[in-house]
Amino acid sequence: MRKIAAAAVVTPAVVAAVPDAALAHGIGQRADLPIPIWLFAWGAAIVLVASFVALAVLWRRPVLAGLPSRALFSLPAVLEWLAGALGVGAFGVIVWAGLAGNQTATANLAPTAIFVLVWVGIPFASVLFGDVFSAVSPWRAVGRGVGWVAGRISGGLPSPIPYPERLGRWPAAFGILLFAWIELVWSGRESPSSLAAVALAYAVVMLVGMSCFGVEKWTRNADAFGVAFGLFALLAPLEWSERRCRLRWPVVGALRMPEVPGAAGVLVVLIGSTSFDGFSQGGVWTGASGLAQRLTDGFAGIGLAPEAAVQAGYTVGLVLVVAVVAGLYRVAVLGMARAGGSHPDAERLSLSFAHTLIPIAFAYLVAHYFSLLAFQGQATAFLVSDPLGNGWDLLGTASATIDYGILSANAIWYVQVAALVLGHVAALALAHDRALATWSDQRTAVRSQYWMLMVMVAFTCLGLWLLSAAAQ
Amino acid sequence: MTPLAHVGHWYHSLLYAVPIVLIALALWWSGRRDDRRRDAERGAVPPQAPGGSGAGEDPEAGGRA
């Protein structure tokens, strides 16, 4: 217990006891807030503690799994084909723009499409409308199309190789880490042609994987984007199955997250990579004697070229921040296991409570990228009209500009704080309900969540600290 | 030490850790209280047959609902 307590205090405290970090991708405005920013962290912590007490007093048996859903409508099969074709077409245009277009990142469609519309826009769409990516996923559409054609011509394809169950979703977790590395570390991320080449390589890996292990099995476990966006879609009020749409309570879908190896790993990498994006903008990382400089000097000292040394330093930072997030989740799991009398054991709890990280991952994404989507997302208007950046005006919107006045810095800040608080309250509710289902004794269930509460408060304060410099 | 010389730049970052530390202290205090209560309950129970060296305390973990 003392070991867990020490780790629980030290991990976030070490992270927090450093100078301000700026908001990743923040737009250059400063919020004019009525109270110091650290007071928001205290207020958020009070909200979480009050929510925890309310849950403990008012919520005495598991209810989420029994909440009803309602059938809404069905879609014709042709729409599924059209969505797949749209995804393949969009992917083709992005790759074409990247390879053949202007190599200035802001003038080419590819970087904005990949880093803003896909990586940030699709999670927002998924939380609102359900798993939209599975409908438009280009590799899934091609895989299913090839399977359909092969079935018509030769009567079917050979049976796929059984997917190794022990592998679970670890390939997707690795894929997300690789994408984060490309976005935050790789020196070639500004080059549209390099991004397009990576996108093509990824598509090839996906197609090979699907041909070996089957389209659905591979998509559900190894496609980094499919898995990540599918997790966010579990928070949506719309649930899709076989083209049938059902209305359900928001967030409740998280209960249906498969408890497979690597499921928590995917979410830890999502939260950790977003955190590193914020952390790497701050003074402690970028300062004259900051961590980045020290790591770079260290790698240069062992003979790496300057550019390689910088990338090596950032790689270490990314992995360390992901490890800190993994450490926090581990603290919560070990604390729960101890409070529950080690039954179920920590490994089992790590799987069965992983779904509580979904709203946190989305809250972090909103907090860090909301302004990016709001502002840089507007660039889509002129980029789709001139995707290669060579002066075309296909849709008549090439002269559109980004309006930075649509949102004030204060509005952005309040959206960020609200996202962090609501995301963590939702996570607490999910964890409380799962605890009641795990331990028949209500008191044990509540006690098991003390540690989860502390980790939720730690995630909230960490998130606000990462945002603090941008808003000051 | 350079970090101490620049304390004015980073001390306010510690304020973000205060809620975490407070909750950790509350957890630690709660754990100690539970341990004491468990010890007191054990002391009130008549001694068991020889052979029980304290390793079998698991069943009572959930017995104080």
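A, B, ... follow the sequence lines: proteins, then strands. Residue 1 opens every chain.
Atom CG in Leu22(B) sits 11.5 Å away from atom CE in Met454(A) (nearest 0.5 Å). In this structure, Ile20(B) CD1 and Phe459(A) CZ are separated by 10.5 Å, a value rounded to the nearest 0.5 Å.
Side-chain atoms of Trp42(A) come within 3.5 Å of backbone N or O of Leu15(B) as a donor-acceptor pair.
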Just do the side chain to side chain contact (heavy atoms under 4.5 Å, CB included) check on Trp38(A) and Leu14(B) with the steps written out, would you?
-> CA-CA 9 Å; Trp38(A) 55 266; Leu14(B) 290 175; over 6 Å; no
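Under the salt bridge (Lys or Arg N to Asp or Glu O under 4.0 Å) criterion, no residue pair touches residues 418-429 of chain A, with sequence neighbours excluded.
Considering all non-hydrogen atoms of both residues, Ala41(A) and Pro19(B) come closest at O-CG, 4.4 Å.
For a heavy-atom cut-off of 4.5 Å, chain B lies close to Val49(A) in residues 48-62 of chain A.
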